[in-house]
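To start, the structure itself, in structure tokens.
A, B, ... follow the sequence lines: proteins, then strands. Residue 1 opens every chain.
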Amino acid sequence: MNYWLLKSEPDAFSLADFVTEKTTVWNGVRNYTARNYLKKMEIGDLCLFYRSVVKPAVIATCTVVKPFYQDPTTDNPAWVAVTVELNAIFEQEVPLTLIKQTPELQKMLLLKMSRLSVQPVTEAEWDIIHRLGN
DNA sequence: GCCAACGTTGGC
DNA sequence: GCCAACGTTGGC
């Protein structure tokens, strides 16, 4: 069981879209570091759904339901996608500002590699964020 | 809208 | 293989 954080700009794919579709193909990743993390995802892994750019915050959780496969948006075999299913929406959003203020979360990659769209999260970090959101 | 951080590209 | 130039991401 692994934990991850997935970023999405609401203009591209919003929580409302996720609610409508329930499951979504996480495609379009064109960064090797992020791609490598996608390849490590297994069925049942839990992900934090992070809204970037517009009011940055962790806003929901989702579950990996299909491990990596060829990204359907390209023929280039370098790129892969996974399928994730919406799990739960946080009762209250966990804004980036709060994460920055939380001592236990200072080591999150989110704070160090702000441009990485797919990143691992430790179980401890997942627990803390989950608690802050519920 | 600005700009810092980072990744990628391409000339040498 | 180095590094400058450029493009993109994402916080503010």
(request) Specify the closest pair of heavy atoms between Asn134(A) and Phe90(A), including all atoms of both residues, with the distance to one decimal. (result) ND2-CD2, 3.6 Å
(message) What range of DNA chain C does chain A touch, first nucleotide to last, counting atoms under 4.0 Å from its heavy atoms?
(response) dG7(C) to dC12(C)
(message) When you measure from the side chain of Gln119(A) to the backbone of Leu110(A), do you find a donor-acceptor pair of N or O atoms at a distance under 3.5 Å?
(response) yes
(request) Please list residues of residues 96-105 of chain A whose heavy atoms come under 4.0 Å from any atom in DNA chain C, ordered by number; otherwise none. (result) Leu96(A), Lys100(A)
(request) Take the angle between the ring planes of Tyr32(A) and Trp79(A) and call it parallel below 30°, perpendicular above 60°, tilted in between. (result) tilted
(request) Indicate the ring-plane relationship of Phe18(A) and Trp26(A), choosing parallel, tilted or perpendicular according to the 30° and 60° boundaries. (result) tilted
(request) Grab the two heavy atoms, one from Pro77(A) and one from Gln70(A), that are nearest each other, plus how far apart they are. (result) CA-OE1, 3.2 Å
(message) I'd like to know if Asp71(A) and Arg35(A) make a salt bridge, using a cut-off of under 4.0 Å between side-chain N and carboxylate O.
(response) no
(message) Can you give me the closest heavy-atom contact between Pro67(A) and Met41(A), atom names plus distance?
(response) CB-O, 4.0 Å
